[in-house]
Structures are given as C-alpha cells and as structure tokens.
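Below is one structure, written out as structure tokens, with a few remarks after it.
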Amino acid sequence: MYGAVLPAAPYDGMKGRAGIDVKVSANKPTHSVLFAYGYALGEFGFTFFLFFVSYYLMVFLTDILRLPMTLAAVLYSGVQWLEAVTMIYAGIYIDRRPRKSGQFRPWIVIGSIILLIGTVLFYTAFDLPVVWKAVLFVAAYLTAYWGYNLMWVAYRSLLGPLGRNPQDTIMLNSASAQMGSVAGLCFSFVCVRLLNGFSTPAMGYTMSALVYGGIIVICMLVVSRITRPFDNERLRAKEEPQKPMGLADMRKVFSRPMCVFFLVVSLREAASTVLPSLLVYYFTYVMNDPGLMSVYLSVVTFSGLISHFFGRRLANTYGKKPMFIVGSLAACVCILSMRFTANAPAAFLVLVAVKGFFEIFSGAFIPAFMMEIADYNEYVAGVHARAFTSSIGGTALRFSQILGGAIASFGLVAIGYSSSAPITPEIVQGISDLMIYGSTAIILASVVVMLFYKVDPEIMQKIYEQRTRRLEKGEVSG
C-alpha cells in the first residue's frame, strides 16, 4: 500500500538496474514521444473495430444476414446491455488472474485474439435458418466483445504502471486519441473499397473483419512488447502478495471520486451521443442538406486530430478538472450558437470545429481520470483494483451511449416525429431544440457534478514519488 511509505524529494533523472532511462520531473512527461505513440498504437488498432461495428453492423444484420427488421433491432439493442455486464466482469477477471508475464500485458494480446475470432464469426453469413443465424450472431458477438473488453480494460489499466506523474497519463491519452483519429481517417478511405473488393458483399464483410481484427492483434503485440519493462513478473515478485479482490474490495472502489466520475462520464458522454444521433435529422429537415454529414465527419476528425497537440499542453498547465469544466462550458456556447446557423452551413461547421477542440478535455482524458482514481483508492483504501476501476469507466461509457440513444429516440417521439408522418414546421423546430438545448442541458449537468470531483493533491504527489523511488531501485526491469 502506497501510504506505508514516506514521501521523498522529486528526482531529476535516474537509471534503473535494467538500464531503463528514468527522467522524472514534476512538470514534464517522463516518456519519449516515440514511446507514447507506440502505446497509442493500441487505440489505432481497435478504432477500426469500433467504426466497423458503429457504421456497418445494422446494415449487415438486415441486408447480409437478412434478419427481419424487428429481430435485428432487438438483437442490436439487447447485446449492448450484455456488453456492459462483460465489461464489469472483465475488470474483476483481470484483477484476480495476474499471469507470469504481467498483470495487464498478456490480456491485451489474449483479448485481441479472441476479438479477432469472434468478429470474423459474427460478420460471416452462414447458410442457416433465421433462428440459428440469430443465435450464432449473438454467441459470436458476445465472444468478440468479451475479447474486446479484456483487451480494453487491460490496455487502459496499463496507464497506471506507465504514469509516473500527471503529465505522463495526459501525454499517453493525448497520443492515443490522436492515433484513434488517424485510424478513423484510414477507415474512411479503405472501408468501402475493402467491402466491395471481393466476389460477394458477404465475403467483403468477412474479409474486412479479418483485416481489422488482424490489425488489432498486430498493434497489441507491439504495445505488449514496448510496455514489458513496466508490467512484469519481477516487479510483482518484490511486492507483497495480493489476495484476490472480493466483494468488500469492490465496494471500496466506489469511493466518492469514483461515484462522481461515473455520473460525470454518464452525463457528458450521453450528450456526445444525443447530438450525433440527431444530426442526420437536423441536416435533412433543418438545414435541408443531408450531404453535410460527410463534411461534418471530416471536420470533426481533423479538428480532433489537431486539437490534441494544444489540449495536452493546456491540461498539463491548468489541470484535467479545470480544463474539463472550461472545455465543457465552451462547447455549450458553441452548441447554443448553432441556433443561429440554420441557413449558414459554413458557420455551423466552424462552430463544430471549435466545439470539437474543447471536447477533447472530456472524452480524451477519461482514462487519465480513471487511473488517478485507481491510484487514489489504492493509497487511501489499500484496494488493488486497477482493472476493475477501468471496467467501471468503460461501463459508464456504455451506459452513456444507451442513455443518450434513449433521450434522442424518445425525444423524437415526444415532438411527434414519425417516418410515415408529414414533417411540419413544429417538428422541424422540435428537432432543432432537442439537439441544441437537450445536449447543452446534459453537458451543464455534467459540469455541475464535476465540481464535486476531488482527490487530495498531496496524496497523489506521494503516489508519484513512491513510483519514482521504485524505479530508482531498479524494481522495473525487462
């Protein structure tokens, strides 16, 4: 437990026994840029999977598997709730089953291989009766997401042993988000060509799943290799044995910072689901230009890619929490200003780009908050549950997507929208109000809750100092 060790003065630089260069500074990241982007390859890899599922899964269910629309909708919605369950269990599973080669690294590789197998299976149209197609799809989909959750939780949990000061986690998160944006751009260029590059559409889906799954496995193998010195059996051998995490430990994880964080993420990311969910309707009926969606996606991607260079510096200078609050308020201003751009697409896109810049302080730094809470809980409560903490953050993200989708869909029902009914001026106004004022209200609610997020900075300093001393003693080795 960290609290058992007295704090020491910060170190300017040192070398562990394994020859690992350790440059520790209170104000600068201790990892090289090359290392940060090597770790970020993980997010580059699994972004292809997320995009493939987000944009093409429903079409695959209806047009390739040819499932009835009602059945496809039930499956599409139902499996998302099951994903949340497997996310929580993935955290418990990893915390209870450290392997000889490390606490987290083995699971990013094992999870990626399971993900590859499951994805190829559920994106393959077998010649079976409809009922068995549905059963096989659900089984393969849940298998794929079990692998994804193992991989995602372990990958995010690696931020703990990698972070020797707050700037480390910010730098690694920023690099990961940038690589995710690069993967999104790559996906936009290759996805259609890959799907249509084979003899049948069904084969295109299967081969796309194989390619994207293969990319994930390769990226995770690289991440596992370069992070080996920070997550290995020699380090754990020098620590006191840890008993398996029990129910009492799980309750301790839900400290005040964790409870506040869970609610903040659920609200903030729900807003990030409401607005995109309504954009197609907004472009079609309010701006009368559905083609703007493709331009919007390009603007958002480039804005996110560029803004992380500035966002990391601002977060390092002013802190994650203040920039979360300021960035969220600035995003609200941008969204409210969209109210006056119904007939000005260029102005709308400028506001989208500015909003995208400020939103990086919420979504991109969520893993950094998770690792801060894991460190805090370990020091204060003595509970070693880094993977479980990551899984709670992942569950909050899943819950926010479900919550945001529900708000958007039931909001459309409330304003009287129906695909079979005529679009009246009142409905058009309702779509605009729902998207603009609805998402703004949810963001403001997340800001209010974020005001209650507090971790003792003196405790966090002790944590980083102890990590520094462990590196000095050469406890991190290859």
In the structure I gave you, are the side-chain heavy atoms of [X] and [Y] within less than 4.5 Å of one another anywhere?
| X | Y | result |
| --- | --- | --- |
| Thr389 | Tyr376 | no |
| Ile117 | Thr143 | no |
| Thr119 | Ile216 | no |
| Pro161 | Phe104 | yes |
| Met450 | Arg268 | no |
| Val264 | Phe369 | no |
| Leu292 | Leu279 | no |

Would the [X] and [Y] ring centres measure less than 6.0 Å apart?
| X | Y | value |
| --- | --- | --- |
| Tyr453 | Phe324 | no |
| Tyr93 | Trp146 | yes |
| Phe254 | Phe262 | no |

Discussion item. Test ring-ring contact (aromatic ring centres under 6.0 Å, His included) on Tyr155 and Tyr39; report intermediate values, then the result.
Written reply: CA-CA 9 Å; Tyr155 177 75; Tyr39 170 80; 4.4 Å; yes

Step-by-step ring-ring contact (aromatic ring centres under 6.0 Å, His included) determination, Phe126 to Trp132
CA-CA 9 Å; Phe126 294 98; Trp132 287 109; over 10 Å; no

So which atom in [X] and which in [Y] form the shortest heavy-atom distance, rounded to 0.1 Å?
| X | Y | result |
| --- | --- | --- |
| Ala175 | Ala36 | CB-O, 3.8 Å |
| Ala353 | Ser303 | O-OG, 2.7 Å |
| Val260 | Val449 | CG1-O, 3.4 Å |
| Ile335 | Ser439 | CG2-OG, 3.7 Å |
| Ala140 | Leu121 | CB-CB, 3.7 Å |
| Phe46 | Met151 | CB-CE, 3.7 Å |

Distance, nearest 0.5 Å, that separates [atom1] of [X] from [atom2] of [Y]:
| X | Y | atom1 | atom2 | answer |
| --- | --- | --- | --- | --- |
| Leu136 | Leu65 | CG | CG | 9.0 Å |
| Phe187 | Leu194 | CZ | CG | 9.0 Å |
| Phe44 | Cys219 | CZ | SG | 6.0 Å |
| Thr440 | Met435 | OG1 | CE | 9.0 Å |
| Ile392 | Met87 | CD1 | CE | 11.5 Å |
| Thr124 | Phe122 | OG1 | CZ | 9.5 Å |

Polar side-chain atom of [X] near backbone of [Y] as donor-acceptor pair, under 3.5 Å:
| X | Y | value |
| --- | --- | --- |
| Ser112 | Val109 | yes |
| Asn149 | Ala90 | no |
| His31 | Met171 | no |
| Thr395 | Ser391 | yes |
| Asp231 | Arg105 | yes |
| Ser400 | Leu397 | yes |
| Thr206 | Tyr123 | yes |

Just one of Ile108, Ile114, Ile113 clears the side-chain contact (heavy atoms from CB on, under 4.5 Å) bar with Ile110, so which one?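 Only one option passes, and that is Ile114.
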
Which is it for Asp95 and Gln103 under the side chain to side chain contact (heavy atoms under 4.5 Å, CB included) test, yes or no, and what are the steps along the way? CA-CA 8 Å; Asp95 276 329; Gln103 176 75 33; 4.1 Å; yes

ask   = Between Met258 and Ser255, does a side chain to side chain contact (heavy atoms under 4.5 Å, CB included) hold up when you go through it step by step?
value = CA-CA 5 Å; Met258 172 55 79; Ser255 58; 3.9 Å; yes

| Derivation of the side chain to side chain contact (heavy atoms under 4.5 Å, CB included) call for Cys334 and Phe357 | CA-CA 11 Å; Cys334 293; Phe357 172 85; over 6 Å; no

Query raised in the report: So does Phe452 have more than 12 non-hydrogen atoms from other groups sitting under 6.0 Å from CZ?
Result: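 Not more than 12 within 6.0 Å, no.
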
Exercise. Counting only heavy atoms not in Tyr281, do more than 12 sit closer than 6.0 Å to its OH atom?
Worked result: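 Counting other residues, nucleotides and ligands, OH of Tyr281 stays at 12 neighbours or fewer.
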
Run the ring-ring contact (aromatic ring centres under 6.0 Å, His included) test on Phe49 and Phe52 for me, step by step, so that the C-alpha distance in whole Å, both residues' side-chain angles and the decisive distance to 0.1 Å come before the verdict. CA-CA 5 Å; Phe49 169 77; Phe52 195 33; 8.3 Å; no

**Study point:** For Thr47, side chain to side chain contact (heavy atoms under 4.5 Å, CB included) partners two or more places apart
**Key:**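 Side chain to side chain contact (heavy atoms under 4.5 Å, CB included) list for Thr47, sorted by chain: Glu43, Phe51, Ala183.
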
Intermediate values then yes/no, side chain to side chain contact (heavy atoms under 4.5 Å, CB included), Tyr212 and Val190: CA-CA 11 Å; Tyr212 300 143; Val190 306; 4.1 Å; yes

*Could you go through the ring-ring contact (aromatic ring centres under 6.0 Å, His included) check for Tyr282 and Tyr296 one step at a time?*
CA-CA 12 Å; Tyr282 186 83; Tyr296 166 85; over 10 Å; no

